[in-house]
Each structure stands twice: as structure tokens, then as C-alpha cells.
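What you see is a predicted model; the values in this text were computed from it and never measured. A, B, ... follow the sequence lines: proteins, then strands. Residue 1 opens every chain. In what follows, every heavy atom counts, from backbone to side chain, and hydrogens, waters and symmetry copies are set aside.
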Amino acid sequence: MLLVTAWCLVLWCVTLFLVRICLVIPLFHGRAGARVAAKDGDIMSLTGRTKDLVLFVFLGSGGHTGEMLRLIENYRKVLIEGSAIIHVGYSDDDSLIKFKNKIEQISKRNSLQLKIQYHRFQKARDVGSSLIGSVRSILETVVRSMLLTYRIKSSMSGRPNLTLLNGPGTCCIIALWLKLYHIFLWQPSKIVYVESLARTNRLSLTGAILYPMADKFVVQWPDLLKNHPRAEHYGILV
Amino acid sequence: MKSVLVTCGATVSFPALIETVLNRPVIGKLKNLGYTRLVVQYGRGFESSFLQLVEKHVGEFSEKSRLGIDVLDNAKNTRVVLAEGVEICGFEYLHDIETLIAKHIDLVISHAGTGSILDALRLEKKLIVVVNDTLMDNHQQLIADKFAHQRLLWSIHADTQQLLNALDKSENEVSEKIGNTYNKQFEKLLYNVAIN
């Protein structure tokens with residue numbers, strides 16, 4: 001009798017857990033309501049409404065960082081002008097310096113007072129590293145990024161928040177932790193992923209992994225829409 | 001004074017590109033087209049190889065310490081040499097390459113990385129892209145083809161003759177402009193995701 005009760009409990013937990021996953025992971029939401037368009041007026045008044053925005057961006061390296069900086073510059077009205085705090089994840093110093101130069105330019109030009117916090121993430125995988133080397137560095141990154149992501153996540157709760165990612169590998173780990181915190185700690189996080197401009201006809205590995213997890217998945221070339229019904233295309237954004 | 005910028009990727013060096021540009025016929029061509037300065041970003045940790053290539057193709061070189069361009073004079077390990085009346089200046093890496101391009105550069109010869117392509121196009125400079133076909137996952141070719149198809153740039157491989165032809169084209173053909181990449185729909189998407 002005890003055994004049966006125990007089994008029932010376990011089954012209940014598993015079922016609840018699965019339901020919870022389905023509720024959280026965007027893949028299971030389909031595209032219904034994918035474009036709840038803001039009225040034009042909203043964008044005008046948006047600086048006021050997103051005053052509390054907690055933004056999290058991750059700077060990859062080289063081309064990824066370049067594209068991210070352009071996204072931030074092009075869409076600064078939503079991303080930074082109304083932000084309460086900007087969390088910047090990075091894994092190499094070049095990206096950090098580039099970001100600081102750019103953000104200084106932008107805030108000078110628009111006379112903004114920005115609150116920025118920097119978080120150093122370990123690289124998930126170096127370009128061209130061996131399989132075993134990759135596995136080890138990925139595992140290390142997973143563990144270390146758990147706490148970093150948690151800290152960022154905590155400052156998001158109860159406020160409008162947005163996580164903007166565009167690769168490379170470390171983004172998968174960040175997204176994974178964000179979604180796990182979402183599932184187990186009931187703290188929603190919203191992820192927008194923008195696939196690299198370099199990807200014209202095939203998703204990157206990071207893109208493929210993030211496809212089910214990102215709340216919005218945006219590609220910059222229309223060919224990528226064919227096999228990816230959840231993807232959205234707005235032309236070249238960077 | 002007309003200047004050319006040659007740029008490799010920040011993370012992956014591209015010696016074949018530098019070697020092609022440093023060829024005597026190419027330098028001669030540049031001089032004929034009125035370019036008197038060749039600026040090379042050769043990439044991290046590539047300084048000694050760059051100097052070897054210069055010695056191999058240009059021969060003995062004398063060094064100048066200052067160029068009179070602030071961004072470059074402050075850059076790490078800037079090297080300047082003279083060959084056939086063209087001033088060749090090499091540096092490792094520049095964080096703010098946009099300022100350099102905007103103020104001092106007329107033509108960019110670049111690897112086919114999206115970052116470098118966009119830098120040149122957004123600043124409305126003539127752009128020749130050299131595809132690095134030694135990279136394992138070669139999406140450089142695809143991206144170069146896409147942009148070349150829209151007549152935004154000239155795409156070639158690391159080959160002297162191809163570069164000479166492309167230089168002629170850059171002088172005689174007019175390329176398209178990339179325009180503004182701000183998209184209102186995408187801005188709304190970001191906004192909606194953030195507040196919902």
C-alpha cells in the first residue's frame with residue numbers, strides 16, 4: 001500500500017513537472033499571439049513605461065559583439081533609454097572595451113545616465129578546441145555561470161525584463177539557467193535571440209539549441225524561415 | 001592623401017590576405033590609383049609574421065615612429081615602412097576602428113567577417129572583400145556572395161590577379177549603399193517582450 005502511494009506521488013510530481021516545462025518553454029506555445037503589435041503611440045511613450053527595464057545582454061566576441069553593439073545602438077530607445085539597470089555579460093576583454101567605448105558615445109550623445117553592471121563569464125568553447133577540452137570547459141562554464149546568472153536573474157524579478165542574446169555557445173548555458181530558474185523558482189525571464197548575420201541558410205549550433213528556448217527567435221535572412229516556423233524575419237537589423 | 005585599410009579578423013588571422021596585398025604589382029597598382037598610404041590591421045599575436053611578410057615582399061624597411069594620425073599613433077605596436085612611395089603602416093588591433101575608417105580611409109580591403117563588412121558599408125566606404133576559404137565552417141563565402149549580389153561590395157579570393165581586377169572595378173564601378181538598418185517592427189517586438 002505504501003509503495004503504491006509512493007508511486008502515485010512520484011507520478012504526480014513528474015506530471016506536474018512536465019506540465020510546468022510545457023508552460024515555460026516557448027517551443028510549446030506555438031506562434032499564437034506572436035505579434036501583439038504595439039500601437040505607434042506606445043513606442044513614443046515607451047521611455048516612460050520601461051523605466052524599470054532590467055536588460056541583460058551577452059557579448060560573445062569579434063563578430064557577435066559587433067552585431068550586439070549595433071543592436072544596442074539601433075534599438076537604444078527600447079533597450080537602454082528606459083532601463084533601470086543593464087547587465088552586461090562578457091568573456092573577453094576586447095568585447096568589454098568595445099562595449100564601453102560604444103556606450104560612452106551613446107550616453108554622451110543622448111545625455112543618459114546609465115547604470116551598468118559587468119559580469120565576466122568563462123568561454124564555453126574556444127574556436128577549434130578538441131572534443132574533450134570542449135566538454136571540460138563547457139562543464140566548468142555551466143557551474144560558474146549558474147551563480148552569475150542567478151544574481152542577474154534576481155534583479156529582474158517583478159520588473160520588466162529582457163535578455164538579448166546573439167551567440168556564441170555561452171549563450172546556451174545562460175539561456176538554460178534562465179529557463180531552469182523560470183521553471184523551478186517561478187521567475188519569468190524573456191529571451192530574444194537574434195541569429196548572426198553570417199548565417200544565411202543554416203542556423204548556428206547556438207541558434208539550433210536556443211530555438212526551442214528563446215521567447216522570440218529572429219533571423220536576418222529569409223531563407224532561414226523555411227524550416228523554422230517559430231523564427232521571425234525583419235531584414236538586416238545590425 | 002588617399003588611404004587603403006586592410007583588415008583581418010580580430011580572432012582569426014589571415015596571412016594570405018596580407019600576402020596578396022603586399023605583392024609588388026598590387027602596391028604599384030595602388031600607387032597608380034593615387035593611394036599613398038596602406039594601413040594594415042594584421043590581428044593579435046601576428047606581429048612577427050607581419051614583419052616577415054613585409055620583408056619578403058617589400059624588402060628592407062625603415063621605421064617611422066609617428067604617422068600624424070592620433071588613433072594609429074596611440075595603437076599598440078604600430079609599424080610604418082615605405083615601399084615604392086607608398087607608406088605601409090601595420091598595427092595589431094584597434095578597438096575603435098570605426099573612427100579610423102570614417103576619418104582617414106577611402107577604400108577597405110577586408111576579410112569577409114560580418115563585423116568588418118558592416119563597419120565599412122555603414123561608413124559608406126568602397127569595400128573589397130577577400131573570402132578566407134581555409135576556415136572550417138565556410139559561411140564567409142555565402143555572406144560575401146549575398147552582399148556582392150546586392151552590389152554592395154566586390155568579393156574575391158586571396159589572389160593577386162583577382163585583387164588587381166577588383167581594384168580596377170572599385171575605381172570604375174559605383175557600389176550601392178546599405179542604408180539604415182533600423183527596423184520599427186523589430187523595435188516593437190523588443191518593447192512587447194520587455195513589458196509583457
Side-chain angles (χ1 to χ4, degrees), chain A residues 34-40 42-43 46 49-50 53-55 61-67 69-71 73-75 77-79 82-83 92 94 97-98 100-102 105 127-128 160-162 164 190-192 194 196-202 204 215-216 218 220-221 232 234-238, chain B residues 7-13 43-44 71 76 92-99 110-122 131-132 134-147 149-150 152 178-196:
Chain A
R35 289 179 196 238
V36 193
K39 288 176 212 90
D40 280 5
D42 290 353
I43 295 287
L46 115 190
R49 286 185 66 185
T50 55
L53 178 71
V54 180
L55 176 71
S61 59
H64 293 293
T65 299
E67 290 195 27
L69 294 181
R70 288 199 178 82
L71 286 175
E73 192 171 28
N74 273 348
Y75 305 101
K77 222 188 321 176
V78 173
L79 294 177
S83 67
D92 71 299
D94 285 341
I97 295 169
K98 278 195 165 167
K100 284 183 171 169
N101 285 342
K102 182 57 100 190
Q105 273 176 22
V127 175
N161 64 82
L162 179 63
L164 186 59
K190 290 159 291 180
I191 300 174
V192 174
V194 180
S196 162
L197 184 64
R199 294 305 177 142
T200 57
N201 61 355
R202 204 160 48 85
S204 61
D215 295 78
K216 295 286 174 187
V218 180
Q220 300 191 68
W221 295 104
E232 297 176 39
Y234 301 93
I236 295 178
L237 301 171
V238 293
Chain B
T7 168
C8 304
T11 40
V12 190
S13 71
R44 280 272 152 76
V71 248
K76 206 177 146 206
E92 202 166 46
Y93 179 79
L94 208 59
H95 290 296
D96 189 12
I97 202 157
E98 286 170 61
T99 307
S110 166
H111 79 126
T114 50
S116 306
I117 291 179
L118 290 166
D119 278 340
L121 292 183
R122 295 233 311 188
V131 174
N132 187 353
T134 60
L135 291 180
M136 200 172 62
D137 189 3
N138 197 10
H139 44 250
Q140 283 211 346
Q141 183 72 60
L142 293 166
I143 193 89
D145 289 347
K146 288 264 185 193
F147 279 106
H149 188 70
Q150 297 177 24
L152 290 162
I178 193 167
N180 194 346
T181 53
Y182 165 78
N183 181 296
K184 196 161 190 169
Q185 286 304 113
F186 180 70
E187 185 168 64
K188 284 180 184 173
L189 172 137
L190 291 174
Y191 175 70
N192 282 325
V193 173
I195 61 156
N196 284 326

Go through the atoms of A/N101 and report whether side chain, backbone, both or neither lie under 4.5 Å from a heavy atom of chain B. side chain
Tell me, for A/V54 versus chain B, whether the close heavy atoms (under 4.5 Å) come from the side chain, the backbone, both or neither. neither
For A/D215 and A/V192, indicate whether the former's side chain and the latter's backbone hold a donor-acceptor pair under 3.5 Å. no
The salt bridge (Lys or Arg N to Asp or Glu O under 4.0 Å) partners of B/K146 (sequence neighbours excluded) come to A/D223
A/D92/A/K98 under salt bridge (Lys or Arg N to Asp or Glu O under 4.0 Å): CA gap, chis, key distance, verdict: CA-CA 10 Å; A/D92 71 299; A/K98 278 195 165 167; over 6 Å; no
Less than 4.5 Å to any heavy atom of chain A: does that hold for the side chain of B/D145, its backbone, both, or neither? neither
Could you pull out all residues at least two apart from B/D96 that satisfy side chain to side chain donor-acceptor pair (under 3.5 Å)? B/T99
So, the part of A/L55 with a heavy atom under 4.5 Å from chain B: the answer is neither
Choice from A/L164, A/I97, A/T65 maximising heavy atom contacts with chain B below 4.5 Å: A/I97
Is it true that a side-chain atom of A/Y234 and a backbone atom of B/E187 form a donor plus acceptor pair closer than 3.5 Å? no
Sort A/L79 into side chain, backbone, both or neither according to what part of it lies under 4.5 angstrom from a heavy atom of chain B. side chain
